[in-house]
Amino acid sequence: MTGNMLIQEVATRDGFQIEARYVQTADKIALIDALSATGFSRIEVSSFVSPKAVPALRDAAEVFAGIARRPGTVYVALVPNTKGAERALAAKVDEINLVASVSETHNRANMGMTPAASIEGFGRIMETVRGTGVSTNATVATAFGCPFEGDQPVDKVMHQVEAYLALDIKGVTLADTTGMANPAQVERLVTRALAIVPADRLTLHFHNTRGLGLANVLAAYSAGARRFDAALGGLGGCPFAPGATGNICTEDLVSMAHEMGIATGVDLDALIGLSRDLPRLVGHDVPGQVAKAGRPCDLHPVPQAA
Ligand code: COA
Ligand code: ZN
(Lines give C-alpha, C1' and ligand atoms only; values in the text may rest on other atoms or scores of the structure.)
(Ligands and ions follow the chains in the order given, each with its own letter.)
Protein backbone atom coordinates (compact mmCIF):
# COMPACT_ATOMS: atom_id res chain seq x y z
CA MET A 1 0.00 0.00 0.00
CA THR A 2 1.43 3.39 -0.99
CA GLY A 3 0.13 6.91 -1.48
CA ASN A 4 -0.60 9.91 0.69
CA MET A 5 -2.75 10.58 3.70
CA LEU A 6 -3.76 14.00 5.01
CA ILE A 7 -4.02 14.20 8.79
CA GLN A 8 -5.81 17.00 10.60
CA GLU A 9 -4.52 17.37 14.17
CA VAL A 10 -7.40 17.88 16.65
CA ALA A 11 -5.79 17.48 20.10
CA THR A 12 -6.22 21.09 21.14
CA ARG A 13 -9.95 20.93 20.24
CA ASP A 14 -11.33 17.39 20.63
CA GLY A 15 -8.58 16.59 23.14
CA PHE A 16 -8.64 19.56 25.47
CA GLN A 17 -12.46 19.97 25.41
CA ILE A 18 -12.88 17.00 27.75
CA GLU A 19 -9.89 17.50 30.05
CA ALA A 20 -10.71 18.20 33.70
CA ARG A 21 -7.57 20.28 34.17
CA TYR A 22 -7.64 23.65 32.39
CA VAL A 23 -4.73 23.87 29.96
CA GLN A 24 -3.39 27.41 30.15
CA THR A 25 -3.78 29.59 27.05
CA ALA A 26 -0.01 30.04 26.69
CA ASP A 27 0.48 26.25 26.80
CA LYS A 28 -2.21 25.77 24.14
CA ILE A 29 -0.52 28.36 21.90
CA ALA A 30 2.93 26.82 22.38
CA LEU A 31 1.59 23.35 21.55
CA ILE A 32 -0.19 24.56 18.40
CA ASP A 33 2.96 26.38 17.24
CA ALA A 34 4.99 23.22 17.82
CA LEU A 35 2.39 21.13 15.96
CA SER A 36 2.54 23.59 13.05
CA ALA A 37 6.31 23.06 12.92
CA THR A 38 5.89 19.27 12.60
CA GLY A 39 4.29 19.82 9.19
CA PHE A 40 0.51 19.53 9.62
CA SER A 41 -1.43 21.11 6.77
CA ARG A 42 -4.54 21.30 8.97
CA ILE A 43 -4.98 21.91 12.71
CA GLU A 44 -8.35 22.15 14.48
CA VAL A 45 -7.31 24.75 17.02
CA SER A 46 -10.37 25.22 19.26
CA SER A 47 -14.16 25.66 19.36
CA PHE A 48 -16.28 28.80 19.44
CA VAL A 49 -18.96 27.18 21.58
CA SER A 50 -20.72 28.30 24.74
CA PRO A 51 -18.13 28.73 27.54
CA LYS A 52 -20.73 27.24 29.87
CA ALA A 53 -21.00 24.11 27.71
CA VAL A 54 -17.21 23.68 27.24
CA PRO A 55 -15.27 25.83 29.73
CA ALA A 56 -11.97 24.21 28.69
CA LEU A 57 -12.11 26.05 25.35
CA ARG A 58 -13.36 29.43 26.58
CA ASP A 59 -10.09 31.03 25.43
CA ALA A 60 -10.55 30.17 21.72
CA ALA A 61 -10.23 33.82 20.61
CA GLU A 62 -7.03 34.36 22.64
CA VAL A 63 -5.57 31.15 21.25
CA PHE A 64 -6.26 32.21 17.65
CA ALA A 65 -4.77 35.64 18.39
CA GLY A 66 -1.62 34.11 19.87
CA ILE A 67 -0.65 31.36 17.42
CA ALA A 68 1.86 31.82 14.62
CA ARG A 69 0.17 31.13 11.27
CA ARG A 70 2.51 28.85 9.36
CA PRO A 71 2.06 29.34 5.61
CA GLY A 72 0.51 26.15 4.24
CA THR A 73 -1.37 25.26 7.42
CA VAL A 74 -5.14 25.73 7.61
CA TYR A 75 -6.28 26.71 11.13
CA VAL A 76 -9.79 25.42 11.79
CA ALA A 77 -12.36 26.13 14.51
CA LEU A 78 -15.44 24.13 15.48
CA VAL A 79 -18.63 26.20 15.34
CA PRO A 80 -22.12 25.16 16.56
CA ASN A 81 -24.27 28.21 15.78
CA THR A 82 -24.41 31.77 14.41
CA LYS A 83 -22.83 33.30 17.50
CA GLY A 84 -19.94 30.85 17.19
CA ALA A 85 -19.52 31.72 13.51
CA GLU A 86 -19.39 35.45 14.27
CA ARG A 87 -16.76 34.87 16.96
CA ALA A 88 -14.76 32.61 14.61
CA LEU A 89 -14.78 35.16 11.79
CA ALA A 90 -13.67 37.89 14.21
CA ALA A 91 -10.78 35.62 15.27
CA LYS A 92 -9.73 35.24 11.61
CA VAL A 93 -9.99 31.47 11.40
CA ASP A 94 -9.12 29.91 8.03
CA GLU A 95 -11.99 27.44 8.17
CA ILE A 96 -15.08 26.79 10.27
CA ASN A 97 -16.19 23.25 11.03
CA LEU A 98 -19.96 23.13 11.59
CA VAL A 99 -21.14 20.15 13.64
CA ALA A 100 -24.52 18.43 13.87
CA SER A 101 -25.29 14.86 14.88
CA VAL A 102 -27.40 12.58 12.74
CA SER A 103 -28.90 11.31 16.01
CA GLU A 104 -31.56 13.66 17.32
CA THR A 105 -30.94 12.58 20.92
CA HIS A 106 -27.21 13.28 20.74
CA ASN A 107 -27.69 16.60 18.97
CA ARG A 108 -30.11 17.70 21.69
CA ALA A 109 -27.60 16.68 24.39
CA ASN A 110 -24.63 18.27 22.58
CA MET A 111 -26.12 21.31 20.86
CA GLY A 112 -29.46 21.82 22.63
CA MET A 113 -31.48 21.56 19.41
CA THR A 114 -32.66 19.14 16.74
CA PRO A 115 -30.35 18.25 13.84
CA ALA A 116 -32.80 20.04 11.52
CA ALA A 117 -32.49 23.23 13.59
CA SER A 118 -28.68 22.95 13.51
CA ILE A 119 -28.66 22.54 9.72
CA GLU A 120 -31.10 25.41 9.26
CA GLY A 121 -28.67 27.55 11.27
CA PHE A 122 -25.79 26.39 9.03
CA GLY A 123 -27.70 27.91 6.08
CA ARG A 124 -27.69 31.30 7.80
CA ILE A 125 -24.01 30.88 8.74
CA MET A 126 -23.11 30.13 5.10
CA GLU A 127 -24.67 33.46 4.09
CA THR A 128 -22.47 35.25 6.65
CA VAL A 129 -19.34 33.39 5.54
CA ARG A 130 -19.88 33.88 1.80
CA GLY A 131 -17.37 36.31 0.34
CA THR A 132 -15.09 36.34 3.40
CA GLY A 133 -12.58 33.84 1.98
CA VAL A 134 -13.10 31.60 5.03
CA SER A 135 -13.49 27.95 4.09
CA THR A 136 -16.18 25.63 5.43
CA ASN A 137 -16.52 22.03 6.53
CA ALA A 138 -19.43 20.29 8.21
CA THR A 139 -19.38 17.20 10.38
CA VAL A 140 -22.00 14.47 10.69
CA ALA A 141 -21.51 13.42 14.33
CA THR A 142 -22.62 9.95 15.52
CA ALA A 143 -22.53 8.86 11.85
CA PHE A 144 -21.49 5.33 12.84
CA GLY A 145 -23.78 5.01 15.87
CA CYS A 146 -25.15 7.00 18.79
CA PRO A 147 -24.51 6.15 22.45
CA PHE A 148 -28.23 6.84 23.18
CA GLU A 149 -29.99 5.59 20.02
CA GLY A 150 -27.56 2.99 18.65
CA ASP A 151 -27.25 2.38 14.89
CA GLN A 152 -28.01 5.25 12.58
CA PRO A 153 -29.47 4.34 9.14
CA VAL A 154 -26.97 4.93 6.31
CA ASP A 155 -29.66 6.71 4.27
CA LYS A 156 -30.18 9.17 7.12
CA VAL A 157 -26.42 9.87 7.29
CA MET A 158 -26.28 10.36 3.52
CA HIS A 159 -29.31 12.65 3.64
CA GLN A 160 -27.39 14.90 6.07
CA VAL A 161 -24.31 14.84 3.81
CA GLU A 162 -26.52 15.89 0.89
CA ALA A 163 -27.99 18.72 2.98
CA TYR A 164 -24.44 19.98 3.67
CA LEU A 165 -23.54 19.85 -0.03
CA ALA A 166 -26.77 21.66 -0.94
CA LEU A 167 -25.63 24.51 1.34
CA ASP A 168 -22.37 24.70 -0.65
CA ILE A 169 -20.30 23.59 2.35
CA LYS A 170 -16.89 22.61 0.99
CA GLY A 171 -15.79 19.68 3.15
CA VAL A 172 -17.68 16.89 4.91
CA THR A 173 -16.55 14.89 7.94
CA LEU A 174 -18.10 11.60 9.02
CA ALA A 175 -17.51 11.25 12.76
CA ASP A 176 -17.58 8.13 14.91
CA THR A 177 -18.17 10.16 18.06
CA THR A 178 -17.94 7.30 20.57
CA GLY A 179 -15.97 4.65 18.68
CA MET A 180 -18.89 2.43 17.62
CA ALA A 181 -17.73 1.84 14.02
CA ASN A 182 -16.31 -1.38 12.63
CA PRO A 183 -14.24 -1.76 9.43
CA ALA A 184 -17.02 -3.40 7.35
CA GLN A 185 -19.43 -0.60 8.24
CA VAL A 186 -16.73 2.00 7.49
CA GLU A 187 -16.10 0.51 4.06
CA ARG A 188 -19.83 0.64 3.24
CA LEU A 189 -20.39 4.23 4.41
CA VAL A 190 -17.17 5.59 2.88
CA THR A 191 -18.04 3.99 -0.47
CA ARG A 192 -21.50 5.62 -0.37
CA ALA A 193 -20.04 9.00 0.65
CA LEU A 194 -17.30 9.00 -2.01
CA ALA A 195 -19.99 8.62 -4.68
CA ILE A 196 -21.04 12.23 -3.94
CA VAL A 197 -18.08 13.81 -2.05
CA PRO A 198 -14.61 13.89 -3.70
CA ALA A 199 -11.84 12.24 -1.63
CA ASP A 200 -10.06 15.56 -1.14
CA ARG A 201 -13.17 16.92 0.62
CA LEU A 202 -14.11 13.93 2.77
CA THR A 203 -12.63 13.46 6.26
CA LEU A 204 -13.04 10.51 8.61
CA HIS A 205 -13.04 11.18 12.35
CA PHE A 206 -12.57 8.04 14.43
CA HIS A 207 -12.38 7.49 18.18
CA ASN A 208 -10.51 4.47 19.52
CA THR A 209 -13.08 3.70 22.24
CA ARG A 210 -13.28 0.01 21.34
CA GLY A 211 -9.79 -0.46 19.94
CA LEU A 212 -10.83 -0.34 16.26
CA GLY A 213 -9.56 3.14 15.40
CA LEU A 214 -6.65 2.22 13.12
CA ALA A 215 -8.51 -0.78 11.66
CA ASN A 216 -11.25 1.67 10.68
CA VAL A 217 -8.66 4.01 9.12
CA LEU A 218 -7.34 1.18 6.95
CA ALA A 219 -10.86 0.18 5.89
CA ALA A 220 -11.60 3.80 4.95
CA TYR A 221 -8.25 4.16 3.15
CA SER A 222 -8.87 0.97 1.15
CA ALA A 223 -12.28 2.34 0.17
CA GLY A 224 -10.57 5.51 -1.14
CA ALA A 225 -10.67 7.95 1.80
CA ARG A 226 -7.51 10.03 2.24
CA ARG A 227 -8.23 12.53 5.03
CA PHE A 228 -8.33 11.68 8.72
CA ASP A 229 -8.65 13.50 12.04
CA ALA A 230 -6.33 12.36 14.84
CA ALA A 231 -5.25 13.69 18.23
CA LEU A 232 -1.74 13.82 19.67
CA GLY A 233 -1.36 11.21 22.41
CA GLY A 234 -4.84 9.83 21.63
CA LEU A 235 -6.53 12.56 23.68
CA GLY A 236 -10.15 13.40 22.98
CA GLY A 237 -13.82 12.81 23.57
CA CYS A 238 -17.21 14.51 23.47
CA PRO A 239 -18.24 15.86 26.91
CA PHE A 240 -21.90 15.22 25.97
CA ALA A 241 -21.58 11.53 25.01
CA PRO A 242 -21.44 8.98 27.84
CA GLY A 243 -18.36 6.77 27.70
CA ALA A 244 -16.55 8.95 25.17
CA THR A 245 -12.79 8.33 24.95
CA GLY A 246 -9.87 9.47 22.87
CA ASN A 247 -9.50 10.05 19.15
CA ILE A 248 -7.20 7.82 17.17
CA CYS A 249 -3.68 8.77 18.23
CA THR A 250 -1.81 10.93 15.72
CA GLU A 251 1.66 9.52 16.27
CA ASP A 252 0.35 5.93 16.18
CA LEU A 253 -1.42 6.72 12.88
CA VAL A 254 1.65 8.47 11.42
CA SER A 255 3.89 5.57 12.47
CA MET A 256 1.55 3.04 10.85
CA ALA A 257 1.28 5.09 7.66
CA HIS A 258 5.04 5.57 7.31
CA GLU A 259 5.77 1.89 8.02
CA MET A 260 3.33 1.03 5.20
CA GLY A 261 4.83 3.50 2.74
CA ILE A 262 2.01 6.04 3.01
CA ALA A 263 3.33 9.61 3.21
CA THR A 264 1.83 12.08 5.71
CA GLY A 265 4.19 15.07 5.51
CA VAL A 266 4.45 15.03 9.30
CA ASP A 267 7.68 14.67 11.34
CA LEU A 268 7.10 11.58 13.51
CA ASP A 269 10.09 12.13 15.84
CA ALA A 270 8.92 15.65 16.64
CA LEU A 271 5.37 14.39 17.26
CA ILE A 272 6.61 11.73 19.68
CA GLY A 273 8.51 14.41 21.57
CA LEU A 274 5.36 16.55 21.87
CA SER A 275 3.24 13.59 22.92
CA ARG A 276 5.67 12.71 25.71
CA ASP A 277 5.15 16.20 27.11
CA LEU A 278 1.32 15.90 27.21
CA PRO A 279 1.05 14.37 30.73
CA ARG A 280 2.65 17.58 32.05
CA LEU A 281 -0.17 19.61 30.46
CA VAL A 282 -3.16 17.40 31.23
CA GLY A 283 -1.97 15.81 34.48
CA HIS A 284 -2.39 12.17 33.51
CA ASP A 285 -1.03 9.40 31.30
CA VAL A 286 -2.27 9.47 27.68
CA PRO A 287 -3.38 6.47 25.57
CA GLY A 288 -0.93 6.74 22.64
CA GLN A 289 1.30 3.69 22.25
CA VAL A 290 4.15 4.63 19.90
CA ALA A 291 5.31 7.44 22.23
CA LYS A 292 5.71 4.79 24.96
CA ALA A 293 7.10 1.93 22.85
CA GLY A 294 9.22 4.00 20.46
CA ARG A 295 9.17 3.62 16.67
CA PRO A 296 9.56 0.09 15.29
CA CYS A 297 13.06 1.08 14.09
CA ASP A 298 14.16 2.22 17.59
CA LEU A 299 16.14 -0.88 18.49
CA HIS A 300 17.35 -1.86 21.95
CA PRO A 301 20.87 -2.87 23.01
CA VAL A 302 21.44 -6.63 23.23
CA PRO A 303 21.56 -7.70 26.91
CA GLN A 304 25.13 -8.40 27.98
CA ALA A 305 25.84 -11.86 29.43
CA ALA A 306 26.67 -11.64 33.13
N1 COA B 1 -20.18 31.11 21.86
C2 COA B 1 -20.28 31.74 23.06
N3 COA B 1 -21.40 31.86 23.75
C4 COA B 1 -22.52 31.33 23.19
C5 COA B 1 -22.49 30.65 21.95
C6 COA B 1 -21.26 30.55 21.28
N7 COA B 1 -21.15 29.92 20.11
N8 COA B 1 -23.73 30.24 21.68
C9 COA B 1 -24.51 30.61 22.68
N10 COA B 1 -23.78 31.27 23.60
C11 COA B 1 -24.25 31.85 24.87
C12 COA B 1 -25.42 32.78 24.68
O13 COA B 1 -24.97 34.06 24.39
C14 COA B 1 -26.11 32.69 26.02
O15 COA B 1 -25.37 33.43 26.96
P16 COA B 1 -26.06 34.07 28.26
O17 COA B 1 -26.55 32.93 29.10
O18 COA B 1 -24.93 34.83 28.90
O19 COA B 1 -27.16 34.91 27.72
C20 COA B 1 -25.93 31.22 26.39
O21 COA B 1 -24.76 30.79 25.67
C22 COA B 1 -27.13 30.37 26.01
O23 COA B 1 -27.42 30.55 24.65
P24 COA B 1 -28.42 29.58 23.85
O25 COA B 1 -28.48 30.05 22.43
O26 COA B 1 -29.70 29.42 24.62
O27 COA B 1 -27.61 28.26 23.82
P28 COA B 1 -27.82 26.89 24.62
O29 COA B 1 -27.64 27.09 26.07
O30 COA B 1 -29.05 26.20 24.11
O31 COA B 1 -26.53 26.11 24.07
C32 COA B 1 -24.93 25.72 22.31
C33 COA B 1 -26.41 25.81 22.69
C34 COA B 1 -24.85 25.13 20.93
C35 COA B 1 -24.33 27.10 22.33
C36 COA B 1 -24.19 24.83 23.34
O37 COA B 1 -24.91 23.63 23.53
C38 COA B 1 -22.79 24.51 22.91
O39 COA B 1 -21.92 25.37 22.91
N40 COA B 1 -22.53 23.25 22.52
C41 COA B 1 -21.23 22.85 22.05
C42 COA B 1 -20.95 21.46 22.54
C43 COA B 1 -19.59 20.96 22.10
O44 COA B 1 -18.67 21.70 21.84
N45 COA B 1 -19.49 19.63 22.00
C46 COA B 1 -18.29 18.96 21.65
C47 COA B 1 -17.88 19.09 20.25
S48 COA B 1 -18.92 18.22 19.11
ZN1 ZN C 1 -14.45 13.58 18.24
Side-chain angles (χ1 to χ4, degrees), residues 7-19 44-64 76-91 93 96-122 124-125 128-129 137-148 160 173-181 203-210 213 216-217 228-250 253 287:
I7 301 173
Q8 170 169 262
E9 174 57 51
V10 301
T12 57
R13 196 283 293 173
D14 206 325
F16 288 167
Q17 72 182 6
I18 201 172
E19 290 299 330
E44 194 169 55
V45 169
S46 191
S47 300
F48 289 95
V49 296
S50 157
K52 282 181 201 138
V54 186
L57 302 184
R58 61 181 182 266
D59 58 354
E62 291 88 336
V63 173
F64 267 95
V76 182
L78 185 148
V79 162
N81 59 9
T82 311
K83 177 156 188 183
E86 286 163 0
R87 292 176 61 215
L89 291 178
V93 307
I96 60 174
N97 177 25
L98 302 164
V99 177
S101 305
V102 65
S103 149
E104 174 153 346
T105 316
H106 183 259
N107 208 61
R108 282 184 187 279
N110 196 35
M111 300 297 184
M113 58 190 127
T114 64
S118 280
I119 296 165
E120 205 182 303
F122 298 168
R124 288 191 294 276
I125 292 172
T128 317
V129 171
N137 186 84
T139 293
V140 183
T142 66
F144 297 88
C146 164
F148 307 111
Q160 190 158 329
T173 297
L174 298 174
D176 184 21
T177 307
T178 57
M180 294 171 71
T203 300
L204 277 298
H205 178 104
F206 293 122
H207 283 259
N208 197 36
T209 314
R210 292 172 178 81
N216 288 332
V217 169
F228 299 91
D229 283 352
L232 189 73
L235 293 180
C238 174
F240 305 96
T245 63
N247 291 83
I248 54 169
C249 167
T250 309
L253 173 62

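Being a predicted model, the structure only gives us computed values, none of them experimental. Just so you know, ligand 1 is whichever comes first in the structure, and atom 1 is the first atom listed for that ligand.
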Residue, atom name and distance, where the atom is the protein heavy atom closest to atom 13 (O) of ligand 1: Lys83 NZ, 2.9 Å
Atom 3 (N) of ligand 1 sits nearest the protein heavy atom Pro51 CD, 3.5 Å
Is it the side chain, the backbone, both or neither of Phe48 that has a heavy atom closer than 4.0 Å to ligand 1? backbone
I'd like to check whether Asn81 has a polar contact with ligand 1, where a contact means an N/O of the residue lying under 3.5 Å from an N/O of the ligand. yes
Within 4.0 Å of atom 29 (O) of ligand 1 (strictly less), any protein heavy atom? no
With heavy atoms only and a cut-off of under 4.0 Å, state how Ser50 meets ligand 1: side chain, backbone, both or neither. both
Evaluate Asn110 for polar contact with ligand 1, using N/O atom pairs at a separation under 3.5 Å. yes
Geometry at the Zn ion (ligand 2) - His205 NE2 versus His207 NE2 angle, rounded to 10 degrees: 100°
Please work out whether any backbone atom (N, CA, C, O) or any side-chain heavy atom from C-beta onward of Arg13 is under 4.0 Å from ligand 1, and answer side chain, backbone, both or neither. side chain
Under 2.8 Å from the Zn ion (ligand 2), can any N, O or S atom of Asp14 be found? yes
Atom 7 (N) of ligand 1 touched by protein heavy atom at under 4.0 Å: yes
Of the listed options (Gln17, Met111, Arg58), which comes nearest to atom 32 (C) of ligand 1 when hydrogens are ignored and any heavy atom counts? Met111
Main-chain N/O of Gly236 paired to Asp14 side chain as donor or acceptor, under 3.5 Å: no
Between Ser118 and Asn107, does any side-chain donor sit less than 3.5 Å from a side-chain acceptor? yes
What do you think, any protein heavy atom under 4.0 angstrom from atom 26 (O) of ligand 1? no
Please report whether ligand 1 has a polar contact with Pro239, defined as an N or O pair separated by less than 3.5 Å (distance criterion only). no
Cut-off 3.5 Å, side chains only: do Thr142 and Thr177 have a donor facing an acceptor? no
N/O to N/O below 3.5 Å, does that happen between Gly84 and ligand 1? yes
Could you find the nearest protein heavy atom to atom 15 (O) of ligand 1 and give me its residue, atom name and distance? Lys52 NZ, 4.3 Å
Measure the distances from the heavy atoms of Ala141 to every atom of ligand 1 and state whether one is below 4.0 angstrom. no
Under 2.8 Å from the Zn ion (ligand 2), is there an N/O/S atom belonging to Cys238? no
Protein heavy-atom contact under 4.0 Å for atom 20 (C) of ligand 1? no
